[in-house]
K.L.:
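Okay, handing you the structure first.
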There are 2 protein chains.
Amino acid sequence: MASDHTRSAILAAAERLYADRGFGDVTMRDIVAEANVNLAAVNYHFGSKDELIAELFVTRSIATNRERLHELKAAEEQGGGRAPIEVILRALVGPTLRGCLGPENQRSTAARFMIRASIESVPPIRRIKNREIDHLRKFVGAMRRSLPDRSDVDIYWGLNFALAMAHHTIRESERLTKLSEGKCDLDDVEDVVARVVSVATMALTAGRTETKAPSRLAAR
Amino acid sequence: MASDHTRSAILAAAERLYADRGFGDVTMRDIVAEANVNLAAVNYHFGSKDELIAELFVTRSIATNRERLHELKAAEEQGGGRAPIEVILRALVGPTLRGCLGPENQRSTAARFMIRASIESVPPIRRIKNREIDHLRKFVGAMRRSLPDRSDVDIYWGLNFALAMAHHTIRESERLTKLSEGKCDLDDVEDVVARVVSVATMALTAGRTETKAPSRLAAR
DNA sequence: TTGCAATTCAAACACTTGTATGAAACTATC
DNA sequence: GATAGTTTCATACAAGTGTTTGAATTGCAA
């Protein structure tokens, strides 16, 4: 107990630095400098660098998953156990996209940290990451209920592509802006979410629910 | 001149190790051990570790781009200047997917190295990477010619999503296999290519060329 | 205030990293 | 076969890494 001040200062500084520069080039000395704390404090409070990273990841992982599941559950309850596929997908990719894109000042360090963690596979995180599969299975379940005629394989691929578009867009947002000479506005987060959800919905419904070809706006 | 043997042994070993384990945890000592070569050889032949990485990346970058452009050019010539969008997308994502997926023994180290390079952003590569945008612009041009009614913004997003699905599927192939309990067969590369191309095509044509809703098999 | 545990701190430690050095071995030319 | 240029090698070096140490400082209860 006592003064958690140092502890949380380290957590905040580490998360910020890791989110910005990745795990590779952030040293413990960088972290303690950013936190205005002595070098030995990290080992004193967390045991080791890896345990610090692990704690950061576990905490954020739980929070992100809770947020996504909250949206999902609300949608399913409102639909009497079956939510529209667009809404499910929105619950899956919305929180992360909103946290990582948009105007600079309102991006969450937490979301950016999680994206880093999903890219750079550092040992302490890799060990924990398997649990994420259980989390994704809950979305698979919801998608099955939403699209009972769809094969499992198609569901898995749809989920995979939805995450692909969301994560890749975040990671390569700078390149997309440059390539499109600013024509693709990544600050308009809701537009990005709508595009991702729309395409993923098409991937999941094409060739089955014919004629309905959901428009991009329908996913808003 | 003289014996390039050492030089190329280093290149091969480095590419293999980087492809497998990433830039982060491969040291020069790992490389020279794998190449059966003295530690000082890397600095003697390449100047520095960074220059070795840069040479590796430039070489592979040129080769990959040439392969993709070759497919693209052939398609456009056959179509009298306008290739079907499916074929353009196939030229974009096919080579990489084929190189990185499929049965273990026929995956190319080159392709896997390039994926590593596109994920882990290490300084020597970051400096070079900007040129890739020029390469992508050629695909944007072909896509514009193929879909003249489509807005530039939609073209850029379609390209972005196509690359997203291809790269993410490669990076997270293990997770997808585990999540789907083997139901998604990532060794069937042509099926994966067809799925990616199909979804990207839908993203690029939906709401415009109505009724045609291209089926997954149509993209084969 | 005194005493004791929790916390902070400067310094050092053991280890790994990429790079440099200078002697040895090799190769080809005369 | 001697010589000059290239390549290899064992070894050392300087810088940076995470971690440990033991003394100083703080905070709080008796």
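A, B, ... follow the sequence lines: proteins, then strands. Residue 1 opens every chain.
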K.L.:
To the nearest angstrom, how far is A/H5 atom NE2 from D/dT25 atom P?
P.N.:
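Rounded to whole Å, this separation is 20 Å.
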K.L.:
Can you tell me which nucleotide in D/dT8, C/dT19, D/dG18 comes closest to the side chain of B/M28?
P.N.:
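So the nucleotide nearest the side chain must be C/dT19.
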K.L.:
Calculate the interatomic distance between B/N43 atom CG and D/dC13 atom P; express it in whole Å.
P.N.:
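Taking atom P of D/dC13 as the reference, CG of B/N43 is at 17 Å.
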K.L.:
Reckon B/H45 has a side-chain N or O less than 4.0 Å from the OP1 or OP2 of D/dT6?
P.N.:
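False: B/H45 side-chain N/O out of range (4.0 Å or more) of D/dT6 OP1/OP2.
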K.L.:
Would you mind reading off the distance between A/Y44 atom OH and D/dT19 atom P, rounded to a whole angstrom?
P.N.:
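About 17 Å, once rounded to whole Å.
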K.L.:
A/R126 side chain to A/S121 main-chain N or O, any donor-acceptor pair under 3.5 Å?
P.N.:
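Looks like yes, one N/O pair under 3.5 Å.
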K.L.:
How many whole angstroms separate atom CG of A/D4 from atom C1' of C/dA6?
P.N.:
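In whole Å, C/dA6 C1' lies 12 Å from A/D4 CG.
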K.L.:
Could you check which of D/dT17, C/dG18, D/dC9 has an atom nearest any side-chain atom of B/N38?
P.N.:
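Looking only at heavy atoms from C-beta outward on B/N38, the closest nucleotide is D/dC9.
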K.L.:
Given side chains that start at C-beta, do those of A/I115 and A/I119 come closer than 4.5 Å, heavy atoms only?
P.N.:
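A/I115 vs A/I119: side chains touch.
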K.L.:
In this structure, how many angstroms lie between the P atom of C/dT17 and the CG atom of B/L39, rounded?
P.N.:
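After rounding, the reported distance stands at 11 Å.
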K.L.:
When you measure from the side-chain N and O atoms of B/T6 to the phosphate of D/dT8, is any distance below 4.0 Å, counting only OP1 and OP2?
P.N.:
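Indeed, a polar side-chain atom of B/T6 lies that close.
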K.L.:
Against B/R16, only a single residue in B/L11, B/I31, B/T109 fulfils side-chain contact (heavy atoms from CB on, under 4.5 Å); can you say which?
P.N.:
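Testing each of B/L11, B/I31, B/T109 against B/R16, the sole residue satisfying side-chain contact (heavy atoms from CB on, under 4.5 Å) is B/T109.
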K.L.:
Mind calculating the distance between CZ (B/F46) and P (D/dT8) to the nearest angstrom?
P.N.:
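Rounded to whole Å, this separation is 11 Å.
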K.L.:
D/dT17 P sits how many Å from A/R29 CZ, rounded?
P.N.:
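A/R29 atom CZ is separated from D/dT17 atom P by 7 Å.
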K.L.:
Given C/dT8, C/dG18, C/dT19, which nucleotide is nearest the side-chain atoms of B/T27?
P.N.:
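The closest nucleotide is C/dG18.
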K.L.:
Could you state the CG-C1' distance from B/D25 to C/dG18, rounded to the nearest angstrom?
P.N.:
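Whole-Å distance recorded here is 16 Å.
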K.L.:
Of the options D/dT7, C/dT21, C/dT8, whose atoms approach the side-chain atoms of B/A40 most closely?
P.N.:
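Among D/dT7, C/dT21, C/dT8, the one nearest the side chain of B/A40 is C/dT21.
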K.L.:
Before we go on, tell me: are the rings of B/F23 and B/F57 under 6.0 Å apart, centre to centre?
P.N.:
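No, ring centres 6.0 Å or more apart.
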K.L.:
Should A/D185 and A/D191 count as side-chain neighbours, where that means a heavy-atom distance under 4.5 Å?
P.N.:
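Side-chain contact under 4.5 Å: no.
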